[in-house]
Amino acid sequence: PDSFAESWPVFMFHDPIAFLYYEYLDDWAEHVLLGLIDGKVVVRGLTVAFSMERDGRGGLPEGGWDTVVRWGHFDRLAGVPSTHVSALEVVIDPAFKGEGFSTPMVEAMTRNVDRLGFKELVAPVRPSRKHLFPRVPMEEYVARTRDDGLPEDPWMRVHARLGAETVSVCPTSMTITGTIAQWTDWTGVSFDRSGDIEVPGALVPIHVDVSQNHAVYVEPNVWMRHSW
């Protein structure tokens, strides 16, 4: 639904790697989960299958979201058997946020992954409150815990309560580039100087080079793993 678009900063829709998944969504039908109320989709969960073993990959990539989308796309085209499944997205209609749909969707994703024959669900988690602390290194942010030992970040906490372990930071999970004019359009920010500049919704500052007329955003995420 178009209403889901409101859940993300506009610049998030300009990751060029996303095309490799969303434009071929019919090929991933068994990885698409929808939650409905009275026939209306209120929550969506997406996953992608890929091989961890092809070409000596051998571990969760530092490239996070972008890398598993790319791996999944080309593995599917090449007919390479999948060894793992990664979550890509859990998005809730803004009108229904705060009503507890995120936890049952993650639970449904793990059940679906189990049904498909896998024993792990990994996720390049985008911490939901990191954008409030863009200058704090991701490693420091993810180490923050509450008195009960659970992550301070709400989205990480959802995963942790369901048994997920925090594995590592993926520092280059998404890369989004654009001209100064494009970034101004996406963020509403006027860029009159070069440097690392904070923009609304970004987990870290974007790097702006006015003289070269471009800005680059490299988003870190956090690998978490559900195993059973």
Side-chain angles (χ1 to χ4, degrees), residues 1 4 7-8 18 20-22 24-37 41-54 57-61 63-73 75-76 80-93 96-130 142 145-146 148-170 173-174 220-228:
F4 282 5
S7 298
W8 303 107
L20 297 179
Y21 184 82
Y22 291 97
Y24 299 90
L25 200 56
D26 288 346
D27 295 322
W28 298 105
E30 61 186 1
H31 289 268
V32 177
L33 299 178
L34 303 176
L36 292 80
I37 293 180
V41 177
V42 299
V43 58
R44 180 179 70 195
L46 304 177
T47 62
V48 65
F50 64 96
S51 173
M52 193 92 79
E53 299 172 356
R54 186 183 183 192
R57 292 168 181 173
L60 291 172
W65 197 96
D66 280 356
T67 298
V68 293
V69 167
R70 188 171 65 251
W71 284 357
H73 176 77
D75 288 351
R76 180 181 56 79
V80 174
S82 300
T83 64
H84 286 73
V85 174
S86 176
L88 294 180
E89 172 186 285
V90 173
V91 62
I92 300 170
D93 186 318
F96 292 87
K97 282 194 172 181
E99 298 192 16
F101 290 115
S102 57
T103 295
M105 177 52 77
V106 175
E107 291 176 319
M109 292 168 83
T110 58
R111 288 195 301 270
N112 189 56
V113 169
D114 182 63
R115 179 186 67 82
L116 294 173
F118 300 90
K119 295 303 178 184
E120 285 188 350
L121 172 68
V122 296
V125 173
R126 187 178 199 265
S128 57
R129 291 180 60 84
K130 175 64 172 72
V142 302
T145 58
R146 308 190 312 178
D148 60 6
L150 289 171
E152 189 175 283
D153 184 81
W155 187 217
M156 291 184 65
R157 196 159 62 244
V158 167
H159 286 273
R161 280 179 169 151
L162 294 174
E165 62 170 328
T166 299
V167 180
S168 61
V169 170
C170 35
S173 193
M174 300 183 80
N221 290 158
V222 184
W223 279 118
M224 299 187 74
R225 177 189 288 121
H226 298 261
S227 303
W228 52 88

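In this text the structure is predicted, and so the values were computed from the model without any measurement.
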Would the distance check show the side chain of R57 and the main-chain N or O of S51 forming a donor-acceptor pair, the cut-off being under 3.5 Å? yes
Which residues pass the side-chain contact (heavy atoms from CB on, under 4.5 Å) test with T145, not counting sequence neighbours? none
Between OG on residue S82 and CZ on residue R54, distance to nearest 0.5 Å: 10.5 Å
Measure the shortest side-chain to side-chain distance between M52 and L60 over non-hydrogen atoms and say whether it is less than 4.5 angstrom. yes
Minimum heavy-atom distance between L46 and L25, given as atom pair plus value: CD2-CD1, 4.4 Å
Return the minimal non-hydrogen interatomic distance between N221 and W65, and the atom names on each side. OD1-CB, 4.3 Å
Hey, could you give me the CD1/CZ distance between I92 and R44, rounded to the nearest 0.5 Å? 12.0 Å
Can you find a heavy atom in the side chain of M109 that is under 4.5 Å from one in the side chain of V90? yes
Can you list the residues that meet the salt bridge (Lys or Arg N to Asp or Glu O under 4.0 Å) rule with R146, with sequence neighbours excluded? D148
Residues 26-37 side chain polar contacts: donor-acceptor under 3.5 Å, at least two apart:
{"residue": "D27", "atom": "OD2", "partner": "R76", "partner atom": "NH1", "Å": "3.2"}
{"residue": "H31", "atom": "ND1", "partner": "T47", "partner atom": "OG1", "Å": "2.6"}

Quick one, S102 and V43 - any side-chain contact, counting heavy atoms below 4.5 Å? no
Of all residues at least two apart in sequence or in a different chain, which pass the ring pair (Phe, Tyr, Trp, His ring centres under 6.0 Å) check with W71? F50
Under the 3.5 angstrom rule, does the side chain of D153 hit a backbone N or O of R129 as a donor-acceptor pair? yes
Give a yes or no answer on whether the side chain of R157 reaches the backbone of P151 with a donor-acceptor pair at less than 3.5 Å. yes
Minimum heavy-atom separation for C170 and P61, please, with both atom names. CB-O, 3.7 Å
Short question: side chain of S168, backbone of W223 - any donor-acceptor pair under 3.5 Å? no
What is the distance from atom CD of E165 to atom OG of S227, rounded to the nearest 0.5 Å? 6.0 Å
Is a side-chain N or O of H159 found less than 3.5 angstrom from the main chain of A164, in a donor-acceptor match? no
Heavy-atom closest pair (G45 atom, M105 atom, distance to 0.1 Å) is N-CE, 3.7 Å
Least distance between heavy atoms, S86 atom then A123 atom: OG-CA, 4.3 Å
Among residues at least two apart in sequence or on other chains, which ones pass side chain to side chain donor-acceptor pair (under 3.5 Å) with D114? K119, W228
Would T166 and V125 satisfy side-chain contact (heavy atoms from CB on, under 4.5 Å), going step by step from the backbone distance to the final call? CA-CA 10 Å; T166 299; V125 173; over 6 Å; no
Look up atom CZ in F118 and atom OG1 in T110, then write down how far apart they are to the nearest 0.5 Å. 14.0 Å
Does P127 reach the side chain of V222, with side-chain heavy atoms less than 4.5 Å apart? yes
Within the 3.5 Å criterion, strictly below it, is a donor on E89 or Y22 matched to an acceptor on the partner's side chain? yes
Residues H226, V106; criterion side-chain contact (heavy atoms from CB on, under 4.5 Å); working and verdict: CA-CA 10 Å; H226 298 261; V106 175; 3.9 Å; yes
Report the residues that fulfil side-chain contact (heavy atoms from CB on, under 4.5 Å) with T103, sequence neighbours left out, ordered by chain and then residue number. E107, V158, L162
